[in-house]
Amino acid sequence: MAYMHVSWLFLFHILVLVAKSKAKVPAIIVFGDSSVDAGNNNQIPTIARSNFNPYGRDFPGGRPTGRFSNGRIPPDFISEAFGLKPVIPAYLDPMYNISDFATGVCFASAGTGFDNATSDVLGVIPLWREVELYKDYQKNLKDYVGEWKANEILREALYLISVGTNDFLENYYALPNRQSQFTIKQYEDFLIILARNFIQKLYELGARKMSLTGVPPMGCLPLQRTTNIMDNHGCVERYNNLAVEFNGKLKGLVAMLNKEFPGLKLVFADAFNIFMQIITRPSTYGFEVVGVGCCGTGTFEMSYLCDPRSPFTCTDANKYVFWDAFHPSEKTSQIISHHLFKMFLAKFL
């Protein structure tokens with residue numbers, strides 16, 4: 001009998017721990033660009049959209065949602081890893097309401113950046129507007145579950161932030177304005193200030209658990225390789241070196257903010273190295289094609305250039321590291337997400 005009593009106590013203790021771990025991250029809240037946009041851009045007048053075939057062909061139900069992928073994207077996989085729903089809805093998507101958003105919501109907008117000038121390029125939602133949408137969400141959540149419960153959800157939720165690539169490739173290197181104002185290193189430092197201000201704003205609004213993902217190996221995106229004719233369409237090393245340098249500055253920012261803001265748990269979820277491993281050793285991860293994307297010819301197509309009538313689009317996206325010329329395939333996103341969860345995000349359990 002004593003043995004049974006101890007066993008039941010042990011089982012009860014385990015169940016309590018499991019219940020506590022499940023409650024530690026009650027929701028996933030997402031900010032950023034096309035790497036994490038679940039379809040907010042569908043509701044605004046911009047060409048930065050992907051709510052049409054062949055996007056979403058491997059998504060549950062085979063429907064295009066506005067995700068820049070053949071299927072799910074990192075926040076979906078991360079949400080699932082935390083035992084939450086397998087799909088994070090876009091806040092502006094009329095298919096969903098506050099009951100859907102209570103355990104996860106996405107405010108991201110494809111084409112945006114830390115720099116407001118970046119969002120102006122394609123007329124998308126700037127980060128400050130994503131924050132305003134978040135404030136609206138806070139109010140609706142409090143009306144839905146009550147202020148005490150809402151504050152608990154907002155405090156314990158994990159905030160995923162993925163942004164920065166467009167600031168360099170869509171803005172600084174593509175247009176003259178910022179180049180005339182900043183050297184590239186000065187522009188990096190300018191973005192770090194903007195990143196700090198953004199994280200501080202979320203902190204002031206009650207966020208305490210955050211994950212900041214830096215920029216990927218930008219020089220290895222198919223679009224960059226297509227134009228790198230002089231190096232036989234290899235990766236553009238100066239862009240990759242820039243990514244490493246900028247990510248280093250983001251890591252420094254994370255360390256500083258964790259010391260400065262009481263109660264903040266901010267991690268730098270570095271996706272660069274795992275992404276680079278996939279690109280340099282694709283067969284190790286079951287990929288066959290890395291230099292081009294699945295959509296169209298895979299060299300320059302994304303958004304509306306991913307024509308559903310294109311005869312060149314691949315039949316099996318799982319063989320491709322990239323889905324279009326800018327974004328990873330669902331399989332790549334899943335591998336990266338599982339790595340980030342194991343290495344950086346599981347500590348929030």
Distance (rounded to the nearest 0.5 Å) between [X] [atom1] and [Y] [atom2]:
X      : Y      : atom1 : atom2 : answer
Asn228 : Arg225 : CG    : CZ    : 9.0 Å
Glu245 : Ile184 : CD    : CD1   : 8.5 Å
Leu160 : Leu345 : CG    : CG    : 7.0 Å
Leu253 : Asn247 : CG    : CG    : 12.0 Å

Look at the rings of His339 and Phe344 and say which category their plane angle falls in: under 30° parallel, 30 to 60° tilted, over 60° perpendicular.
->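 Judged by the thresholds at 30° and 60°, the geometry between His339 and Phe344 is perpendicular.
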Measure the acute angle between the ring planes of Phe101 and Tyr137, then classify it against the limits of 30° and 60° as parallel, tilted or perpendicular.
-> perpendicular
Salt bridge check: are [X] and [Y] linked by an N-O gap of less than 4.0 Å?
X      : Y      : value
Lys135 : Glu132 : yes
Lys209 : Glu156 : yes
Glu330 : Arg67  : no
Lys185 : Asp189 : no

Is there a path of hydrophobic side-chain contacts, each under 4.5 Å between heavy atoms of I, L, V, M, F, W or Y residues, that connects [X] with [Y]?
X      : Y      : result
Ile44  : Met95  : yes
Met210 : Phe261 : yes
Val105 : Ile153 : yes
Leu266 : Leu191 : yes
Phe77  : Met343 : no

Flag, side chain of [X] to backbone of [Y], donor-acceptor distance under 3.5 Å:
X      : Y      : value
Arg72  : Val87  : no
Asn41  : Ala110 : yes
Thr165 : Val215 : no
Asn70  : Tyr55  : no
Thr332 : Pro328 : no
Asp37  : Asp33  : no
Thr46  : Leu122 : yes
Asp76  : Ser79  : no
Asn42  : Thr65  : yes

Would the [X] and [Y] ring centres measure less than 6.0 Å apart?
X      : Y      : value
Phe68  : Phe326 : no
Phe322 : Phe275 : yes
Phe190 : Phe182 : yes
Tyr96  : Tyr91  : no

When you look at Leu340 and Ser337, which way does the side chain to side chain contact (heavy atoms under 4.5 Å, CB included) test go after all the steps?
-> CA-CA 5 Å; Leu340 295 182; Ser337 300; 5.7 Å; no
Gamma sulfurs of Cys314 and Cys294 within less than 2.5 Å =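 Correct, these two cysteines form a disulfide.
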Closest non-hydrogen atom pair, Ala243 against Phe272 |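 Minimum heavy-atom separation between Ala243 and Phe272: CB-CE1, 3.8 Å.
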Neighbour count above 12 (heavy atom, 6.0 Å) for Phe312 CZ = no
Over 12 foreign heavy atoms within 6.0 Å of NZ, Lys249 |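 Yes, enclosed.
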Qualifying residues under ring pair (Phe, Tyr, Trp, His ring centres under 6.0 Å), relative to Tyr159, sequence neighbours excluded |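 Only Tyr134 meet the ring pair (Phe, Tyr, Trp, His ring centres under 6.0 Å) criterion with Tyr159.
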Would you check if there is a donor-acceptor pair between the side chains of [Y] and [X] at a distance under 3.5 Å?
X      : Y      : answer
Asn166 : Thr118 : no
Ser109 : Thr112 : no
Asn171 : Asp115 : yes
Tyr172 : Asn177 : no

Please lay out, stage by stage, how Leu169 and Leu221 fare under the test side chain to side chain contact (heavy atoms under 4.5 Å, CB included).
-> CA-CA 11 Å; Leu169 299 184; Leu221 302 178; 3.8 Å; yes
Positive for ring-ring contact (aromatic ring centres under 6.0 Å, His included) with Phe107, one of Phe31, Phe198, Trp128 =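 Answer after filtering Phe31, Phe198, Trp128: Phe31.
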Member of Tyr187, Phe168, Tyr239 meeting the ring-ring contact (aromatic ring centres under 6.0 Å, His included) criterion with Tyr173 = Tyr239
Exactly one of Ser333, Ser303, Ser34 clears side-chain hydrogen bond (donor to acceptor under 3.5 Å, both in side chains) with His327, and that residue is Ser34
Test: Arg208 cationic atom under 6.0 Å from Tyr203 six-membered ring centre, within 45° of axis | yes
With sequence neighbours excluded, give me every side-chain hydrogen bond (donor to acceptor under 3.5 Å, both in side chains) pair touching residues 261-278.
->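 Pairs touching residues 261-278 that pass the test: Lys251-Asp270, Gln277-Tyr285.
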